[in-house]
Amino acid sequence: MKELQTAIDAARQAGALIREKAFVSKQIDVKSSASDLVTEVDKEAEKIIRRFITSHHPDHVILGEEGVDAGVVAAKEALTNHRVHEHLWIVDPIDGTTNFIHGFPFFCVSIAYAVKQEVVLGVIYDPIKDELFTAEKGKGAWLNGEPIQVSSERTLAESLLASGFPSGDPAGMRQVNTDGILRLSPHVRNIRAGGSAALHLAYVAAGRLTGYWELDLNAWDLAAGAILITEAGGMVTDTIGNPYEIGVRHILATNGSVHVAVKQALAEAGATGF
Ligand code: LIP
């Protein structure tokens, strides 16, 4: 599919800018709160990606993190409006902006392409490690061109999980998520919270993490990672267990084997989100 090459080239172009600016001081703007930030590099990287996609696919619609107002309502409205579009790109120019600001090298570019609301390809690029994760519906998932698959752990006791704390702490979701972490942590090998939803999802696809969950995320945090995981043999649902679709905000993504166990633990802790 020619859109895959578009996504790869756009991610690499934006990634080059992000790499160049990664460890220098940045101009920071506050979005919804002091923990929900954007830099001039996020905006410039999104412009690069938008220009690139538009030059190759002028009639396609682009939903980008920095192209809508901050906040749940704007994001939901944008998604709803875009439902009618046949060709939709879902772009996060820097997923892990807080890490980027602090020079904590765990962030990425995330680009997905959906046809009639179904994600058909995803690209996640870590510009620091120069790792390019790609997936195309029905064809598989790759890391730098090599096929990847989810991990083989079968029990919680063997699992390395990851989670996170949403930017801006909407509706006290950080406390809710902490309840889930406290419920699961005695039963698993360990839990990480790296601060980039998309990169965590890519790591589940590559078998580096057994599973990942987080509450109150946006479409651009999740779309590319979701197809990476399904194409790598894993499972992606919301935290209740409903199948993934573009509007999902509370995500649960695993290698498949531990999916039910994590879901049950979150339900028991009252930590599936609301
Ligand atoms: C971030 C996520 C992170 C999550 C934050 C935020 P951004 O994306 O990837 O894992 O905890 O809420 O959404 O804002 O850095 O692109």
Side-chain angles (χ1 to χ4, degrees), residues 11 14-15 17-18 21-22 26 28-46 49 63-72 74-76 78-79 90-112 122-128 133 161-178 180-181 191-205 209 211-226 228-229 236 239 246-253 271 273:
L17 172 77
I18 295 163
K21 305 281 186 185
K26 294 117 187 156
I28 302 163
D29 290 327
V30 171
K31 294 206 285 188
S32 64
S33 79
S35 68
D36 187 13
L37 305 169
V38 63
T39 71
E40 79 281 7
V41 185
D42 295 66
K43 293 175 191 169
E44 187 53 37
E46 183 160 323
I49 296 166
L63 173 67
E65 176 173 16
E66 311 311 339
V68 295
D69 295 331
V72 175
K76 278 189 178 158
L79 273 179
I90 304 164
V91 173
D92 194 344
I94 305 180
D95 184 62
T97 299
T98 304
N99 289 346
F100 177 68
I101 288 167
H102 286 261
F104 181 83
F106 194 76
F107 43 78
C108 63
V109 181
S110 176
I111 302 178
V123 168
I124 290 178
Y125 181 52
D126 174 345
I128 302 300
F133 300 86
L161 302 181
S163 187
F165 303 97
S167 301
D169 194 16
M173 284 293 180
R174 290 186 180 189
Q175 182 58 55
V176 177
N177 209 42
T178 303
I181 290 172
I191 301 178
R192 306 292 182 228
S196 166
L199 216 41
H200 280 134
L201 292 168
Y203 279 24
V204 173
L209 287 168
Y212 164 76
W213 86 97
E214 188 168 340
L215 306 179
D216 221 64
L217 295 170
N218 289 299
W220 45 79
D221 301 314
L222 301 175
L228 270 162
I229 292 172
V236 185
T239 47
I246 286 176
V248 162
R249 301 189 64 83
H250 308 319
I251 196 80
L252 172 59

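Just so you know, residue 1 is the first one in the sequence shown, and it goes up from there. Keep in mind that this is a model prediction, so the values were computed, not measured. Start at 1 and go down the list; that is how both ligands and their atoms are numbered.
For the pair Ile94 and ligand 1, the shortest N or O to N or O distance falls below 3.5 Å. Remark: ligand 1 and Tyr212 share no N or O pair separated by less than 3.5 Å (distance only, no angle test).
Closest to atom 5 (C) of ligand 1 among all protein heavy atoms lies Ser167 OG, 3.1 Å. Residue, atom and distance of the protein heavy atom nearest to atom 4 (C) of ligand 1 are Glu214 OE2, 3.1 Å. When only non-hydrogen protein atoms are considered, atom 14 (O) of ligand 1 lies nearest to Glu65 OE2, 3.3 Å.
Smallest separation of non-hydrogen atoms from Lys26 and Gly103: NZ-N, 4.5 Å. When all heavy atoms of Ile101 and Ile28 are compared, the closest pair comes out as CG2-CD1, 3.5 Å. Across all their heavy atoms, Glu65 and Glu46 have their closest contact at N-OE1, 3.4 Å. Across every non-hydrogen atom of Gly273 and Val176, the tightest pair is N-CG1, 4.3 Å.
His200 and Phe106 have tilted rings, their planes meeting at an angle from 30° to 60° on a 0 to 90° scale.
Counting heavy atoms under 4.0 Å from ligand 1, residue Thr97 touches it through both backbone and side chain. By the criterion of a heavy-atom distance under 4.0 Å, the backbone of Phe165, and not its side chain, is placed next to ligand 1.
Numbered from 1 in the order shown, with element, the atoms of ligand 1 that lie under 4.0 Å from a heavy atom of Asp95 read 1 (C), 2 (C), 7 (P), 8 (O), 9 (O), 15 (O), 16 (O). The ligand atoms of ligand 1 that sit less than 4.0 angstrom from a heavy atom of Gly96 are 7 (P), 8 (O), 15 (O), 16 (O). Proximity to Asp92 (heavy-atom distance under 4.0 Å) selects the following atoms of ligand 1: 16 (O). Residue-ligand proximity, Ser196 to ligand 1, at heavy-atom distances under 4.0 Å covers atoms 9 (O), 10 (O). Close approach of ligand 1 to Ala197 (heavy-atom distance below 4.0 Å) involves ligand atoms 2 (C), 3 (C), 9 (O), 10 (O).
Of the candidates Gly195, Gly164, Ser110, Gly195 brings a heavy atom nearest to atom 3 (C) of ligand 1.
Residues Trp220 and Asp95 have side chains not in contact (no heavy-atom distance under 4.5 Å, counting atoms from C-beta outward). Looking only at side-chain heavy atoms (C-beta outward), Glu40 and Lys21 stay at 4.5 Å or farther from each other.
Of the inter-residue distances, the one linking Thr98 atom OG1 with Asp36 atom CG reads 7.5 Å to the nearest 0.5 angstrom.
Here the side chain of Asn177 pairs a donor or acceptor atom with the backbone of Gly164 at under 3.5 angstrom.
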